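Remarks on the structure that follows.
Reminder, nothing fancy here: chain letters follow the sequence lines and each chain counts from 1. Everything numeric here is computed off the predicted structure, so don't read it as measured data.
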2 protein chains.
Amino acid sequence: MTDTIFDGHDHGRCQGMALDAVDAQCAARGLRLTPVRRDVLEILLKSHRALGAYDLLDELKARGHKAQPPVAYRALDFLLSNGFVHKIEQRNAYVACCQPGKAHAPGFMICRGCDLVAELPSPDPQDSVMVAARQIGFAVERTVVEAEGLCPACKREEEEA
Amino acid sequence: MTDTIFDGHDHGRCQGMALDAVDAQCAARGLRLTPVRRDVLEILLKSHRALGAYDLLDELKARGHKAQPPVAYRALDFLLSNGFVHKIEQRNAYVACCQPGKAHAPGFMICRGCDLVAELPSPDPQDSVMVAARQIGFAVERTVVEAEGLCPACKREEEEA
DNA sequence: CGGCATATGTTACTATATAACATTCTTCGC
DNA sequence: GCGAAGAATGTTATATAGTAACATATGCCG
């Protein structure tokens, strides 16, 4: 698993696969991937970055939607609650999920240089928070795990400068 | 280390100790713990909860400060950047640090029942995000680790209802 | 077709956070 | 002590993020 967005990684391919996966999920579960929702998802998939709701809104306008804030937020609600998109809490921003459908409580690496976001396959029950929670009987329902820093490429750039 | 805020835990004592620790730190490092800053810290220490900036603002008013938003945010900036307070990203809210001064990238358990927040002693370099970061050469500069759920007491309550 | 559920359009508003500039307070060299 | 420089606070205005509430349209099913 060195296939993150930061190294050799076929953007177009991953994008198409994710969209197909979401289509399949929606068909299977009787969900409606309407035009607004699909557009929001596509925008996020294309950028592979964390975008704010108002960035999405601008893109939606560019694509010809009538776009008041609730439009974006409703699409995000749908995508979030079905696991097709995740929120990056430290930025109040949103990214497309890389493994749509597979239920997971994801972790992220966020590059402050290029803003690319890599999603980690899964959080680990051996992680220190989880261990601590078990020890004291705290029932974890949701986790937020986000690491901000520099990806290899941006680190090189910064060192040269 | 079962001494979290969720079990037997001497509120008043921990509060006093934290304040003393901050005083000591400020003296040692030539920082000014001015009245506004001290009040914000006290408010947070007393509640042991994550409070929003505007909650703090209200409390400040109650204590006789002139209080426009920048007042609260500036005090928070000071306390955050010196490690006396942490931000709970998933709530846009702030908690007092339990071990002020000791540099640490903390993790949290946040009870959705009583809103109490427990700070975890330290994040672990063996945690899955950290391992993944090392593997791909991602330089982590800041981590956000937050687990939301139910503390033992609130879990019991919910089961009874 | 009619009626229900779901989705979208629209207005207005709440909550969170910051920019910019004026004023006051501290500290420190003289 | 006095005055200048830097730090902290006061104040106004505004940016950014998110939601409530209600009207309208669309898809689905009997």
Please check if the side chain of B:Arg49 supplies one atom and the backbone of B:Cys114 the other of a donor-acceptor pair under 3.5 Å.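 It does hold such a pair.
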Can any side-chain N or O of A:Glu119 pair as donor or acceptor with the backbone N or O of A:Pro106 at less than 3.5 Å?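 Looks like no, no N/O pair under 3.5 Å.
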Pairwise side-chain hydrogen bond (donor to acceptor under 3.5 Å, both in side chains) hits with a residue in residues 151-161 of chain A, at least two apart: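 Sorted pair list: A:Arg112-A:Glu158.
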With sequence neighbours excluded, tell me which residues meet side-chain contact (heavy atoms from CB on, under 4.5 Å) with A:Asp55.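 If we apply the side-chain contact (heavy atoms from CB on, under 4.5 Å) test to A:Asp55, skipping adjacent residues, the hits are A:Leu51.
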Ion pair present between A:Glu59 and A:Lys46, side-chain N to carboxylate O less than 4.0 angstrom?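 Salt bridge absent between A:Glu59 and A:Lys46.
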In sequence, state the C-alpha distance, the side-chain angles, and the governing distance for B:Ile110 and B:Arg91, and then conclude on side-chain contact (heavy atoms from CB on, under 4.5 Å). CA-CA 10 Å; B:Ile110 304 146; B:Arg91 298 201 170 190; 3.7 Å; yes
Expected string for nucleotides 4-14 of chain C under the B/S/- scheme (protein heavy atoms, under 4.0 Å, primed atoms plus P, OP1, OP2 as sugar-phosphate) is --SSBBBB---
Write down the distance between CG (B:Leu33) and C1' (C:dT26), rounded to a whole number of angstrom.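 So the two atoms are 16 Å apart, to the nearest Å.
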Enumerate the ring pair (Phe, Tyr, Trp, His ring centres under 6.0 Å) contacts for residues 17-56 of chain A, please, sequence neighbours excluded, ordered by first and then second residue.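 Found A:His9-A:His48, A:His11-A:His48.
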List in numerical order all residues of residues 50-64 of chain B for which some heavy atom is under 4.0 Å away from an atom belonging to DNA chain C.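 B:Tyr54, in order of number.
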Please check the phosphate of C:dA17 (OP1 and OP2 only) for any side-chain N or O of B:Asn92 closer than 4.0 Å.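 Yes, such a contact exists.
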Segment of DNA chain D, first to last nucleotide, that comes within the 4.0 Å heavy-atom reach of chain A: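 From 5' to 3', the first and last contacting nucleotides are D:dA17 to D:dG27.
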Side chain to side chain, A:Val22 and A:Leu33, heavy atoms closer than 4.5 Å: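 Counting from C-beta outward, A:Val22 and A:Leu33 do come under 4.5 Å.
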